[in-house]
Participant: 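The structure follows.
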There are 2 protein chains.
Amino acid sequence: MMNKADSDLIRRQNRHLVLEALRFAGRAPRVELGRLTGLSLATITSITAQLLNEGLLLEDNTVAPITTRRGRPSVDLSLNPSATHVIVLKISIGKFEMVLADYAGTRVAHQIKTVATYDMKIHDVGKKAASLILAFLSEHNKSPADVRIIGIAAQGAAETGVGHLMWSPAFKEVNIPLTEPISRLTGIYCRLSNDANMIAEGLMAREHYLYKGTAAVIFMGYGVGMGLVIDGKTYHGSTGAAAEFGHMNHIPHGAMCRCGMSGCIEAYASDYGILRTAQGLPVNTPPPLDAVEPEVMMALETSARQGDGAALGAYVKAGEAIGFGLARMIALLSPDRIIISGPGIRAFDLAEPAIAASIDEGVVTALRQNVKLEKLPMDHDMIITGTIDKLLHDLDREVFARAEPAA
Amino acid sequence: MMNKADSDLIRRQNRHLVLEALRFAGRAPRVELGRLTGLSLATITSITAQLLNEGLLLEDNTVAPITTRRGRPSVDLSLNPSATHVIVLKISIGKFEMVLADYAGTRVAHQIKTVATYDMKIHDVGKKAASLILAFLSEHNKSPADVRIIGIAAQGAAETGVGHLMWSPAFKEVNIPLTEPISRLTGIYCRLSNDANMIAEGLMAREHYLYKGTAAVIFMGYGVGMGLVIDGKTYHGSTGAAAEFGHMNHIPHGAMCRCGMSGCIEAYASDYGILRTAQGLPVNTPPPLDAVEPEVMMALETSARQGDGAALGAYVKAGEAIGFGLARMIALLSPDRIIISGPGIRAFDLAEPAIAASIDEGVVTALRQNVKLEKLPMDHDMIITGTIDKLLHDLDREVFARAEPAA
DNA sequence: ACAATTTATTTCGACACTTAAAATAATCTT
DNA sequence: AAGATTATTTTAAGTGTCGAAATAAATTGT
């Protein structure tokens with residue numbers, strides 16, 4: 001069903017609208033907010049007065065009005081950066097990266113810690129993360145009370161629901177509990193997401209008008225990941241670990257994958273898969289435990305460009321795996337856009353013809369023709385940017401859209 | 001973004017809630033509606049008075065209260081059957097089936113017309129359907145003004161957005177416009193959907209508490225179809241022709257499919273695909289144009305049960321195609337439930353071991369373990385039931401939730 | 001310098017909706 | 001027939017949005 005509606009709901013939704021408009025615009029006078037939200041100026045006055053009173057907004061006239069128009073000058077409102085803060089913890093192979101951002105989305109601190117992730121014991125991961133976060137905070141003279149939420153973006157299959165990391169290239173262990181211990185040890189509410197989903201989230205925050213429908217962000221690199229946006233919302237399956245594009249089967253009984261199965265797309269299109277093919281190793285050669293060094297992949301790319309047949313062939317095999325995977329996804333979901341990114345995007349041109357041919361081969365024209373396929377240069381930072389955006393949007397919707405009970 | 005909220009929105013949502021509760025309960029007194037919706041009795045009085053006044057509800061005390069409790073007896077309310085009507089047109093190979101149902105969901109008329117669908121010219125389909133509908137109505141002393149919406153459930157790929165049938169086993173032609181001509185010629189608003197989606201819709205209306213998340217209804221028969229429910233709503237892709245599970249590639253460069261591509265799941269798991277395998281015909285044998293007679297499939301099933309190796313092998317091949325397709329879908333979407341239905345369900349036991357083995361082979365345990373796989377006996381009527389449910393729900397939400405402007 | 005003009009914001013009065021509490025209705029019990 | 005009990009309606013208060021009117025704060029013109 002739905003929930004019943006009352007005047008609380010109206011206020012909540014309209015407050016949310018105002019916050020969203022301001023986050024989109026950065027700064028705007030009340031008239032502008034009226035235009036953006038469709039609300040009357042009277043309502044805008046009422047809502048912004050409340051938000052100012054609660055310390056979420058700031059009257060911001062630091063920038064002198066450039067225009068020399070007649071009439072009462074407008075006074076810009078903006079989100080109050082110090083209303084609260086969020087922390088992003090990005091977990092990847094061998095390192096923990098932390099970013100502290102204020103309520104306006106500006107990054108105020110940044111730290112990268114080298115951590116020997118692979119051999120960590122299952123319960124040390126959360127403990128280590130929590131202690132790094134607490135140290136990071138006190139280094140910047142902040143207390144846990146200043147931070148409203150921690151968002152973890154991790155490589156691998158993340159169960160957002162329970163906050164476990166089902167598996168990840170960064171760890172030998174599986175089913176690592178993250179949100180619970182980190183929440184408990186820091187006293188800060190904590191959420192876990194998959195890194196590719198966070199890229200999708202970041203793109204949406206930037207060009208949300210483009211994401212009315214369904215879009216998939218494919219992420220090629222050490223593994224093959226995907227962020228899936230359905231009807232404008234990132235999709236998590238029943239467990240929160242959906243959209244495992246990399247571990248969608250490509251060839252029954254095919255090449256050995258890091259996940260223990262055979263024939264996954266990743267076994268052909270990830271760094272290690274491409275390398276294995278290029279080296280002519282049998283498809284059941286176990287994948288290496290550590291990430292393939294970028295230099296190795298760059299060398300492979302170079303020799304492919306110089307005409308090395310084995311290297312070229314490996315990129316074609318990778319393209320076929322990606323292409324048929326996309327064809328299957330298109331048959332199933334018919335997305336509006338597919339965006340391919342990740343470190344592997346460097347060599348995209350080598351795989352692209354095979355990708356295109358495989359899509360043609362794998363799905364009828366009628367379904368394919370409406371899909372836009374784009375590539376996006378990799379930006380590691382986008383994972384963090386996307387996570388910040390998502391955390392702040394979540395806070396706006398779930399926390400700050402609710403009016404504080406009057407004193 | 002969202003839309004702004006005002007008091008209209010509240011009323012709309014709460015009216016919708018009352019209508020939904022009454023559709024769910026069939027008949028209920030006001031106190032009961034209060035409990036079901038969470039609204040106060042004062043509000044229920046106000047809303048039901050309005051709905052009674054608009055003719056959508058009926059005070060219904062035809063059934064004498066069985067209970068002999070003390071206190072003022074309650075008076076049941078129910079949906080007014082004659083408030084409006086809906087028509088379902090089910091299009092399948094060789095026949096058009098029409099059902100007229102009242103606002104309470106009761107069927108009041110039913111007609112099956114044999115139509116030589118396959119060779120119809122592209123613009124004759126809509127004309128034929130419209131004239132049959134008009135004749136059907138006048139036969140039952142109804143005028144188009146008594147009907148608020150026509151819902152078409154068609155086999156094949158339906159573009160709900162534009163109302164075209166992209167392709168269908170029933171027609172030689174492709175891209176057949178349906179909603180526009182039928183709407184124009186009958187004067188009744190018209191919508192097109194895929195038949196498997198309507199089964200999913202019917203299941204949801206009956207057990208909507210089971211469909212909070214993601215569920216897929218696979219439909220095996222002449223073709224292989226799918227209805228996909230994501231977050232409790234049937235999913236249509238960018239064009240409205242998503243969820244073409246049957247035409248998701250199974251084996252690159254594989255068996256020839258009716259859609260013109262090679263290696264689709266349907267090419268192995270549909271009636272004609274199974275038959276082709278059993279007969280030992282080469283995989284590039286073109287599929288027959290007409291539906292395979294049920295008797296032929298039943299004979300095949302019988303010989304498989306009697307130990308015919310070729311027949312058994314064909315069901316195994318079909319099971320592999322379905323199983324790997326499901327494995328791929330699970331990797332991508334991690335649904336809560338998968339339901340397999342359709343006429344092909346009769347021989348499900350012959351394919352089931354192969355389905356299970358292929359799912360095991362094709363997707364890691366961690367993703368698979370949360371998925372419930374069920375089979376559902378085929379009921380052709382469920383397509384019609386589901387369409388009626390969906391039409392009425394759509395009307396409740398889009399039309400009747402809005403209060404009529406006061407006279 | 002100051003009135004007129006222009007643009008932004010706030011205030012006011014009307015209206016819609018929900019709700020709790022009080023009032024009313026319609027039955028059964030004793 | 002009075003009292004008890006359950007269902008429904010009415011009433012009064014509270015919250016929210018909106019259009020119109022009022023107010024604020026600038027520029028322009030003289």
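Lettering follows sequence order; numbering is per chain, from 1.
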Participant: Partners of A:Ala25 by side chain to side chain contact (heavy atoms under 4.5 Å, CB included), sequence neighbours excluded?
Facilitator: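 Residues passing side chain to side chain contact (heavy atoms under 4.5 Å, CB included) with A:Ala25: A:Ala28, A:Leu36.
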
Participant: Identify, with sequence neighbours excluded, every residue that meets salt bridge (Lys or Arg N to Asp or Glu O under 4.0 Å) alongside B:Asp6.
Facilitator: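 Counting only residues at least two positions away or on another chain, B:Asp6 forms no salt bridge (Lys or Arg N to Asp or Glu O under 4.0 Å).
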
Participant: Specify the separation, in whole Å, of atom CZ of B:Arg30 and atom C1' of D:dT8.
Facilitator: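 In whole Å, D:dT8 C1' lies 7 Å from B:Arg30 CZ.
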
Participant: For B:Ile44 and D:dT10, give me the distance from atom CD1 to atom P, rounded to whole Å.
Facilitator: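 B:Ile44 atom CD1 is separated from D:dT10 atom P by 15 Å.
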
Participant: Looking at residues at least two apart in the chain, or sitting in another chain, which of them share a salt bridge (Lys or Arg N to Asp or Glu O under 4.0 Å) with B:Arg30?
Facilitator: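 B:Arg30 satisfies salt bridge (Lys or Arg N to Asp or Glu O under 4.0 Å) with B:Glu59 once adjacent residues are dropped.
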
Participant: Atom CG in B:Leu228, atom CG in A:Leu333: separation rounded to 0.5 Å?
Facilitator: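 That separation rounds to 7.0 Å.
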
Participant: Checking B:Arg11 now: which residues fulfil salt bridge (Lys or Arg N to Asp or Glu O under 4.0 Å) with it, not counting sequence neighbours?
Facilitator: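 Per chain and number, B:Arg11 pairs via salt bridge (Lys or Arg N to Asp or Glu O under 4.0 Å) with no residue.
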
Participant: Rounded to whole angstroms, how far apart are CD on B:Gln13 and P on C:dT18?
Facilitator: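 About 11 Å, once rounded to whole Å.
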
Participant: Sequence neighbours left out, what passes side chain to side chain contact (heavy atoms under 4.5 Å, CB included) with A:Asp394? Give chain and number order.
Facilitator: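 With neighbours one apart ignored, the set is A:Arg191, A:Lys390, A:Arg397, A:Glu398.
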
Participant: Could you list the residues that satisfy salt bridge (Lys or Arg N to Asp or Glu O under 4.0 Å) with A:Arg402, not counting sequence neighbours?
Facilitator: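 In terms of salt bridge (Lys or Arg N to Asp or Glu O under 4.0 Å), with neighbours along the sequence ignored, A:Arg402 is linked to no residue.
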
Participant: Which residues pass the side chain to side chain contact (heavy atoms under 4.5 Å, CB included) test with A:Ala5, not counting sequence neighbours?
Facilitator: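 Testing A:Ala5 for side chain to side chain contact (heavy atoms under 4.5 Å, CB included), a comparison that skips the adjacent residues, returns A:Leu9, B:Ile10, B:Gln13, B:Asn14.
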
Participant: Within the sub-3.5 Å range, which N or O atoms of nucleotides 16-19 of chain D have a protein N or O partner, and how far apart are they?
Facilitator:
unit_1 : atom_1 : unit_2  : atom_2 : d
D:dT17 : OP1    : A:Asn14 : ND2    : 3.0
D:dT17 : OP2    : A:Arg11 : NE     : 3.4
D:dT17 : OP2    : A:Arg11 : NH2    : 3.0
D:dC18 : OP1    : B:Lys4  : NZ     : 2.8
D:dC18 : OP2    : A:Ser40 : N      : 3.1
D:dC18 : OP2    : A:Ser40 : OG     : 3.1
D:dC18 : OP2    : A:Thr43 : OG1    : 2.7

Participant: Can you check the A:Leu9 CG to D:dG14 P distance for me, whole Å?
Facilitator: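 Rounded to the whole Å, the gap is 22 Å.
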
Participant: Extract from the structure each pairing of a protein N or O with an N or O of nucleotides 3-6 of chain D at less than 3.5 Å, listing the distance.
Facilitator:
unit_1 : atom_1 : unit_2  : atom_2 : d
D:dA4  : O3'    : B:Arg70 : NH2    : 3.0
D:dT5  : O5'    : B:Arg70 : NH2    : 3.3
D:dT5  : O4'    : B:Arg70 : NH2    : 3.4
D:dT5  : O2     : B:Gly71 : N      : 3.3
D:dT6  : O2     : B:Arg72 : N      : 2.7

Participant: Using the test ring-ring contact (aromatic ring centres under 6.0 Å, His included), find all partners of A:His140 that sit at least two apart in sequence or belong to another chain.
Facilitator: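 With sequence neighbours excluded, A:His140 shows a ring-ring contact (aromatic ring centres under 6.0 Å, His included) to A:Phe136, given in chain and number order.
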
Participant: Whole angstrom is fine here: how far is it from CG in B:Leu77 over to C1' in D:dT9?
Facilitator: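 Interatomic distance, CG of B:Leu77 to C1' of D:dT9: 14 Å.
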
Participant: Only stems of 3 or more consecutive Watson-Crick or G-U pairs count here, both distances under 3.5 Å; name the ones for DNA chain C, or none.
Facilitator: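 As far as DNA chain C goes, consecutive pairing (with distances under 3.5 Å) yields the stems C:1-30 with D:1-30.
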
Participant: Rounded off to whole Å, could you give me the CD-to-C1' distance for the A:Glu59 and D:dA24 pair?
Facilitator: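 Taking atom C1' of D:dA24 as the reference, CD of A:Glu59 is at 13 Å.
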
Participant: Could you check if a side-chain atom of B:Val162 sits within less than 4.5 angstrom of a side-chain atom of B:Leu192, using non-hydrogen atoms only?
Facilitator: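 When only atoms from C-beta onward are counted, B:Leu192 and B:Val162 do not touch, as no gap falls below 4.5 Å.
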
Participant: Could I get the full list of side chain to side chain contact (heavy atoms under 4.5 Å, CB included) partners for B:Ala83, not counting sequence neighbours?
Facilitator: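 Only B:Leu56, B:Asn80, B:Tyr103 meet the side chain to side chain contact (heavy atoms under 4.5 Å, CB included) criterion with B:Ala83.
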
